[in-house]
Number of protein chains: 2
Amino acid sequence: MHEVFDAVLGTNLLHANQHLADHNRAHFDEMGVFCVNLMSGPGAGKTSLLEKALVDLKNHFRVAVIEGDMTTQLDAERLRATGVPVIAINTGRACHLDAKMVHGGLHLLAREASLDQFDLLIVENVGNLVCPAEFEVGEHCKIALLSITEGEDKPLKYPLMFHEADCVVVTKLDLAPYLDFDRVKLEANLHEINPEAPIFWVSSKNGSGLGDWLHWLAQRVYTHRAAQPLAVS
Amino acid sequence: MHEVFDAVLGTNLLHANQHLADHNRAHFDEMGVFCVNLMSGPGAGKTSLLEKALVDLKNHFRVAVIEGDMTTQLDAERLRATGVPVIAINTGRACHLDAKMVHGGLHLLAREASLDQFDLLIVENVGNLVCPAEFEVGEHCKIALLSITEGEDKPLKYPLMFHEADCVVVTKLDLAPYLDFDRVKLEANLHEINPEAPIFWVSSKNGSGLGDWLHWLAQRVYTHRAAQPLAVS
């Protein structure tokens, strides 16, 4: 978050974003869509996780993705290969997605299918452990990824991201034998910042741990849907 | 970079920062100090590289570090163990160091020793591949780190950081046997964004490649010093 945000302008900007995020969320609720905001630093493996997860998720849910990147369509193309609708948003110089950008993405998605045709919308944010945590996009659930190659200290050094997360997915577990990696220490640091969030240990490369995380996510989608009134025409 | 920066305010903020960065740089020149801005995403290994590098650098240069982190003194403590003076700056919610923060750090450093007692000041920025690239701190040289675990596509996805870099240090090379990592592809992507910057392939764990990078850095320090008038009392 840039230092300008300490001033009134920052508060107003966050306030305006929150207002639009709430609007997006109300729209999702009305349409029966569960929205996930997937966040991490660069290269933690958000897209790799989704490449694997979407193959399973699309068997259970009607799912779409909004893919945020500063430039390029590289990640969007990788995810389109799964057969799931993907809307790419290039943020240009912006270091995070905000509610307005996602709102624009929803309008693009509506050209492919009406929003109520989806159960689950996954927003893959720009790779950044700082600013995305401050800007809600209308999500029902924030998921923070951290790869074990990044070090056990990251929850302490980037506390807002991990404090805000509804669950933490620790990725690249297949590399554990080749790192001086202390799982107990990372777990302790995550619990210090966020005692509530479950932690899932996964390898997108060999698929280990993915089932548990997908089960958790599916439960969230179904629980949310159970709480919504059924739209009857 | 937050979207507010598209407006006049952003331009003014960057302009004000540039003014102070130039002021810092003039001060460095006057004092015969070469300043490096070390940047990367979270967990790419800036601190691990410095832990190794400072042991050698302090045999050749009078070196100090300004260590930027949102919270905690963890990295500063790791670097103090090398015996080099380290000034820790906690940025709070700010996602990068700016010229004003570094200026404040210089005043703290001056309590330990006059700035002209140093040859080399290394500023370790907040872990973020986006915003630090936009805010000069007065450095003579920008060094971008990227770990091979982050993927070959990162220069294309975060172009400003790699475009601005005077050299790129690719870290964690010891993990190459355990990754689907394409060195030629990363090299091509780096050259596409920045054909000039030399690339150094290092492992801070086993020390491979560190010598070449330290030699390059030392050459930069000496070349800069050679261009400065000798202060004679």
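Quantities reported herein were computed from a predicted structural model and do not represent experimental measurements. Proteins come first, then strands; the chains are lettered A, B, ... in the order of their sequence lines, and each starts at number 1.
Of all heavy-atom pairs between A:Arg93 and B:Val130, the closest is O-CG1, 4.3 Å.
When each of A:Leu129, A:Asn128, A:Val126 is checked for heavy-atom pairs under 4.5 Å with chain B, A:Asn128 comes out on top. Among A:Gly43, A:Gly127, A:Ser48, the residue making the largest number of heavy-atom pairs under 4.5 Å with chain B is A:Gly43. Taking A:Asp174, A:Leu156, A:Leu160, A:Thr91 one by one and counting their heavy-atom pairs under 4.5 Å with chain B, the maximum is reached by A:Leu156.
Both the backbone and the side chain of B:Thr71 come within contact range of chain A, each with at least one heavy atom under 4.5 Å from a heavy atom of that chain. Both the backbone and the side chain of A:Asp180 come within less than 4.5 Å of a heavy atom of chain B.
Note: A:Asp153 CG to B:Asp69 CG = 8.5 Å, rounded to the nearest 0.5 Å. Distance check, rounded to the nearest 0.5 Å: NZ of A:Lys205 to CG of B:Leu179 gives 6.0 Å.
No donor-acceptor pair under 3.5 Å is formed between the side chain of A:Lys157 and the backbone N or O of B:Pro42.
Taking a 6.0 Å sphere around NZ of A:Lys100, one finds it holds 12 or fewer heavy atoms contributed by other residues, nucleotides or ligands.
Screening residues 158-177 of chain B for ring pair (Phe, Tyr, Trp, His ring centres under 6.0 Å), with sequence neighbours left out, gives no hits.
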